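These notes are about the structure you will find just below.
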Amino acid sequence: MSTTIFYYTGTGNALWAARTISDALGGAEVASISETRATQTSRTPSTIGLVFPVHIWGVPRAMVRFVSTLTAHPQSTFFAIAVNAGQVANTLVQLEHLLKKRDLVLSLGFELRMPSNYIPWGGPGPRERQEELFRQAENKISRIASHVMQKNHLPVERGPLWQRMVFSALYRLTYSRVSSMDSSFWVDERCNQCGICGRICPAGNISLIQGNPVWQHGCEQCFACLQWCPQEAIQYGKKTPGYERYHHPAVTLKDLLGGKASTTEHT
Ligand SMILES: Cc1cc2nc3c(=O)[nH]c(=O)nc-3n(C[C@H](O)[C@H](O)[C@H](O)COP(=O)(O)O)c2cc1C
């Protein structure tokens, strides 16, 4: 049976996790959901992994859309890894329900603690702490791979009850507002109009107007634009000029840009 791992990422944590479990499974295919139409997914029984970050205490909208149109053989086996910064809340239960609506079963769902990329609340934390999180994540991925290989079926991991109740409500409240949250982005004088922000945005939400990035209110709040800006010129709200940028150290800009075409230039 073939294994394919579909990932969604802003700053590379999920891509690193997808690659690491692929290696542990002996070389599974790794594919970005941004470059795959869900309707093109396997129609023969296969093992399918979904690896993505927790966004606002739930499944990011891009992954919700991907799963909502997923076609897979009913005997396919699903596993998921939700990378997060310590508050997985109800994310994997939500994913289980989304798959159930497609008559598909999530056999394994794990949370994986990684450094935070939610920069409005601060940077990723000290380097030593990040290294510790990477080591712990690597160990946990080995255990997850054993479960996948043994075709185990376990209850999905979830946060404490209070977290699931309070934060699931907040997730539902903000879900439809995420697109327009990009009105808090701005660029400072360091912007050299390189256009990388537009190319890296998985939602194609940034146009260059006379060379300057302009967010088009179709944002997914992944923060890739801000975190990958080589000049650190992109800001969000008032505090980000003082916060350290983050991306996973083993993931490069080239990994994420892949074959993406350049951004639309408007004059
Ligand atoms: C908009 C946004 C919302 C987030 N919400 C949560 C959250 O609710 N709980 C949590 O633990 N981490 C949250 N995070 C942190 C990310 O899940 C975490 O840093 C993840 O490892 C980033 O993965 P990536 O590098 O693949 O994008 C959030 C990050 C962003 C950008």
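Because the structure is a prediction, the values reported are computed rather than measured. Order of appearance sets the numbers: ligands from 1, and atoms from 1 within every ligand.
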I need the nearest protein heavy-atom contact for [atom]: residue, atom name and distance, please.
| atom | answer |
| --- | --- |
| atom 13 (C) of ligand 1 | V54 O, 3.3 Å |
| atom 23 (O) of ligand 1 | P53 CB, 3.3 Å |
| atom 22 (C) of ligand 1 | N117 ND2, 3.4 Å |
| atom 8 (O) of ligand 1 | W57 N, 2.7 Å |
| atom 12 (N) of ligand 1 | A85 N, 3.2 Å |
| atom 9 (N) of ligand 1 | Q87 O, 2.9 Å |

Original post:
Is it the case that one hydrophobic cluster holds both L154 and V105, taking links as side-chain heavy atoms less than 4.5 Å apart, direct or via other members?
Top reply: no

Please determine if [X] has a nitrogen or oxygen closer than 3.5 Å to a nitrogen or oxygen of ligand 1.
| X | answer |
| --- | --- |
| G12 | yes |
| Q221 | no |
| Y8 | no |
| Y118 | no |
| A14 | yes |

**OP:** Please confirm whether H147 and F79 have ring centers closer than 6.0 angstrom.
**Re:** no

Original post:
When rounded to the nearest 0.5 angstrom, what is the spacing between CG in L112 and CG in N13?
Top reply: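 Here the interatomic distance stands at 8.5 Å.
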
Subject >> Sequence-distant partners of N117, side-chain hydrogen bond (donor to acceptor under 3.5 Å, both in side chains), two or more places apart >> reply: T11

**OP:** Establish, from distance only, whether the side-chain atoms of T20 and D23 form a donor-acceptor pair under 3.5 Å.
**Re:**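 Side-chain D/A pair, T20 to D23: absent.
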
Using the ring of each side chain (for Trp, its six-membered ring), is [X] parallel, tilted or perpendicular to [Y], with breaks at 30° and 60°?
| X | Y | value |
| --- | --- | --- |
| H248 | F134 | tilted |
| Y8 | H55 | perpendicular |
| Y236 | F185 | perpendicular |
| F223 | Y118 | perpendicular |

Report, in ascending order of atom number, the atoms of ligand 1 lying under 4.0 Å from any heavy atom of [X].
| X | value |
| --- | --- |
| T9 | 24 (P), 25 (O), 26 (O), 27 (O) |
| G10 | 24 (P), 26 (O), 27 (O) |
| N13 | 20 (C), 21 (O), 22 (C), 23 (O), 24 (P), 25 (O), 26 (O) |
| T11 | 24 (P), 25 (O), 27 (O) |
| S116 | 19 (O) |
| G86 | 11 (O) |
| V83 | 17 (O), 20 (C), 21 (O), 23 (O) |
| I56 | 3 (C), 4 (C), 5 (N), 6 (C), 8 (O) |

**OP:** Give a yes or no on whether a salt bridge exists between R135 and E138, defined as a side-chain N under 4.0 angstrom from a carboxylate O.
**Re:**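 No salt bridge links R135 with E138.
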
Subject >> Residue part near ligand 1, for F223, under 4.0 Å between non-hydrogen atoms >> reply: side chain

**OP:** With heavy atoms under 4.0 Å as the rule, classify the contact between M114 and ligand 1 as side chain, backbone, both or neither.
**Re:** side chain

Original post:
Judged by non-hydrogen atoms, does P115 sit under 4.0 Å from ligand 1?
Top reply: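 The answer is yes: ligand 1 sits under 4.0 Å from a heavy atom of P115.
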
Subject >> Chi angles and distances behind the ring-ring contact (aromatic ring centres under 6.0 Å, His included) call for F167, Y171 >> reply: CA-CA 6 Å; F167 293 153; Y171 175 86; over 10 Å; no

Original post:
Tell me, which pairs form a salt bridge (charged side-chain N to carboxylate O under 4.0 Å, His left out) where one or both residues lie in residues 213-238, sequence neighbours left out?
Top reply: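 Qualifying pairs, neighbours excluded: R61-E220, R65-E220.
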
Original post:
Does V93 offer a backbone N or O that forms a donor-acceptor pair with the side chain of R158 under 3.5 Å?
Top reply: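 Side chain of R158 to backbone of V93: no pair is present.
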
